[in-house]
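Let me begin by presenting the structure, written as structure tokens, before commenting on it.
The structure displayed is predicted, hence computed values, not measured ones.
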Amino acid sequence: MEASSGPSRSSSQEPDGPCDGADRLSALPDDLLLDVLARLPCAAAAARTEVLSRRWLGLWAGLRQIVFRGVALPSLEAALGRVDLPLPAVSLIKIRVPIKQQRPHQPAPKDKEHWRDSAGVPINSLLRAAARLEPEKLDFRIPSGISERALAVDLPCLPRATFIALNFSSLFSLAAVPAGAEFPALETLSLAECITDLGGLLSCCPRLRTLRLSRAVFPDCVIRVVNSPLLQELVVECEARLTQRVVIVAPELKQLTISFTSVVAVNITVLAPVVEKISWQCCYLGPYIVFGLWSLSKLRLQSAERQGEPTTLYIYACVDPSPFRAQVHNFRREIQRHMVAAFSVFELHLTAKGHAFGAFVVHHLLGMDRISTATRRLKVVLHRSEVILCSYYIPQ
């Protein structure tokens, strides 16, 4: 960990103990003492060195990397408040709250107004305390069980932050960014279980390069990532809600990873002309995308791990006795919507349950123009009492 010099102190200052010169460590300059404190695993451990002598009082507050591990939520804001301004630039604030805590539903002391923030959890006041120090990186994570309902979070302006990661192990709604607010240096944003409309937030992050959304919830069941002209990596995991539409406009995007579920046909718009690596997966919950006896259960588009190897289109379909039936052009249209990148390998997984599948494969899948034109290798995996693998190479 890095340490900053902080206010200069005299190296000739006498220790509190007997004046026999034995406490040579306390006589070292601040830069060296801060280097010692920076090697401790947590700022709380660094703060406990204050018991050594007056020489160490408040010295930990000059650390450039402030890491709290196992510090209870009610103590964190006070600890951050002990860092006086002006101070050397803080490169990192990292908060890891312990699992065992005072339950948030217990009555808060009247003098602890911040306990009334955000469903009884002092998230907003802690974020404001961290923002006061203008860190370059903010990594804030609390375990599950701290809050029993969704949190309401106001993300303060962090003008120097290049990295922000928020994971509260429960759903939280991110309030709209106030007018005029901006994150001019932000390059990486990671949010877990967040409910937000990304449009306003992304427009405030002109330098954003990486966006990671884990277990995300999108308003109106629409995954929308736009207003991010420099975005190069996008990771979206949206498995907890049913998706109806996907809109991604990212002219510089090179890596796309997305996973979502649906029960209806999905409207998809992806404008990412320079994407190089893709992992696309859509799972259908129930027999709603059907043709004849066949129901579409999952569709994947996956780049190879090794550079230079081909991308594969995976289609999973099964025989289903559902009374819902659709026209073949609707079935094909849904598959075509997911072909957001070029591929040359087609892998088909069928659960036939004793039914014939030749006509379905040859006429209705391989008969699709985009599949027949792009496919150079076909692999059919038949799932029934035993698994039969059939591989075919299609000459160019």
Side-chain angles (χ1 to χ4, degrees), residues 1-4 6 25 30 32-52 56-85 87-104 106 108 112 114-115 117-148 151 153 155-156 158 160-170 172 188-194 212 214-215:
M1 281 197 251
E2 287 186 72
S4 67
L25 183 61
D30 281 7
L32 291 179
L33 294 182
L34 283 168
D35 189 53
V36 172
L37 295 181
R39 298 174 191 276
L40 297 175
C42 175
R48 284 194 288 270
T49 61
E50 293 180 332
V51 302
L52 298 176
W56 296 81
L57 288 175
L59 190 62
W60 69 271
L63 291 170
R64 292 199 65 225
Q65 296 189 352
I66 302 175
V67 179
F68 291 103
R69 301 181 189 274
V71 178
L73 274 171
S75 304
L76 284 171
E77 186 177 352
L80 289 171
R82 290 190 58 189
V83 181
D84 295 327
L85 297 174
L87 75 165
V90 174
S91 63
L92 170 67
I93 295 179
K94 185 174 182 179
I95 297 174
R96 294 292 185 269
V97 176
I99 295 178
K100 294 182 179 180
Q101 291 272 331
Q102 174 188 0
R103 297 295 293 173
Q106 293 180 352
K112 298 292 186 181
H114 62 261
W115 270 99
D117 287 356
S118 208
V121 181
I123 300 298
N124 291 327
S125 56
L126 282 175
L127 288 173
R128 290 192 294 268
R132 182 182 69 92
L133 305 180
E134 297 189 355
E136 295 174 9
K137 296 182 180 180
L138 175 63
D139 188 354
F140 191 177
R141 182 182 302 173
I142 63 177
S144 59
I146 298 298
S147 176
E148 297 178 351
L151 304 172
V153 175
L155 186 61
L158 295 160
R160 297 180 61 251
T162 61
F163 175 95
I164 297 175
L166 303 179
N167 184 348
F168 303 138
S169 299
S170 62
F172 72 95
T188 300
L189 176 62
S190 178
L191 304 173
E193 301 193 53
C194 179
R212 300 188 182 98
S214 175
R215 303 181 300 281

### Query
Side chains of Ile142 and Asn167: does their closest heavy-atom pair fall under 4.5 Å?
no
### Task
Under the side-chain hydrogen bond (donor to acceptor under 3.5 Å, both in side chains) rule, collect the residues that match up with Ser214, sequence neighbours excluded.
Glu237
### Task
Compare every heavy atom of Gly62 with every heavy atom of Leu34, then report the nearest pair and how far apart it is.
CD2-C, 3.9 Å
#### Entry: Nearest non-hydrogen partners of Ala130 and Leu80, listed with the distance
N-CD1, 4.0 Å
#### Entry: Pairing residues for Ala46 by the side-chain contact (heavy atoms from CB on, under 4.5 Å) criterion, not counting sequence neighbours
Leu37, Leu40, Trp60, Leu63
### Query
So, for Arg215 and Ala192, which heavy atoms are closest and what is the spacing to 0.1 Å?
NH2-CB, 3.8 Å
### Summary
So CG of Leu166 and CD1 of Ile123: to nearest 0.5 Å the spacing works out to 9.0 Å
### Message
Within this structure, what is the CZ-CG distance for the pair Arg128 and Leu133, rounded to the nearest 0.5 Å?
### Response
14.0 Å
### Query
Of all residues at least two apart in sequence or in a different chain, which pass the ring pair (Phe, Tyr, Trp, His ring centres under 6.0 Å) check with Phe172?
Phe168
#### Entry: Results of side-chain hydrogen bond (donor to acceptor under 3.5 Å, both in side chains) for Arg160 - residues two or more places apart only
Glu136
### Query
Is there a side-chain contact between Thr162 and Thr188 (heavy atoms, below 4.5 Å)?
no
### side-chain contact (heavy atoms from CB on, under 4.5 Å) partners of Lys94, counting only residues at least two apart
Val67, Arg69, Leu92, Arg96, Asp139
### Message
If the condition is side-chain hydrogen bond (donor to acceptor under 3.5 Å, both in side chains), which residues does Arg82 pass it with, not counting sequence neighbours?
### Response
Glu50
### Message
To the closest 0.5 Å, what do you measure between CG (Leu73) and CZ (Phe68)?
### Response
12.0 Å
### Task
Go through the steps to decide whether Ile66 and Ile95 satisfy the test side-chain contact (heavy atoms from CB on, under 4.5 Å), and finish with yes or no.
CA-CA 8 Å; Ile66 302 175; Ile95 297 174; over 6 Å; no
### Task
Would you please name every residue forming a salt bridge (Lys or Arg N to Asp or Glu O under 4.0 Å) with Glu134, sequence neighbours left out?
none
### Task
Flag the pair Leu33 / Trp56 as yes when at least one side-chain heavy-atom distance between them is below 4.5 Å, and no otherwise.
yes
#### Entry: Check against side-chain contact (heavy atoms from CB on, under 4.5 Å), Leu126 and Glu77
CA-CA 6 Å; Leu126 282 175; Glu77 186 177 352; 3.8 Å; yes
### Message
Counting C-beta onward and ignoring hydrogens, is there a side-chain heavy-atom pair between Leu138 and Leu127 closer than 4.5 Å?
### Response
yes
### Query
Looking at residues at least two apart in the chain, or sitting in another chain, which of them share a side-chain contact (heavy atoms from CB on, under 4.5 Å) with Arg48?
Ala44, Ala45
### Message
Restricting to non-hydrogen atoms, name the atom on Val97 and the atom on Pro143 that form the minimum distance, rounded to 0.1 Å.
### Response
O-CD, 3.3 Å
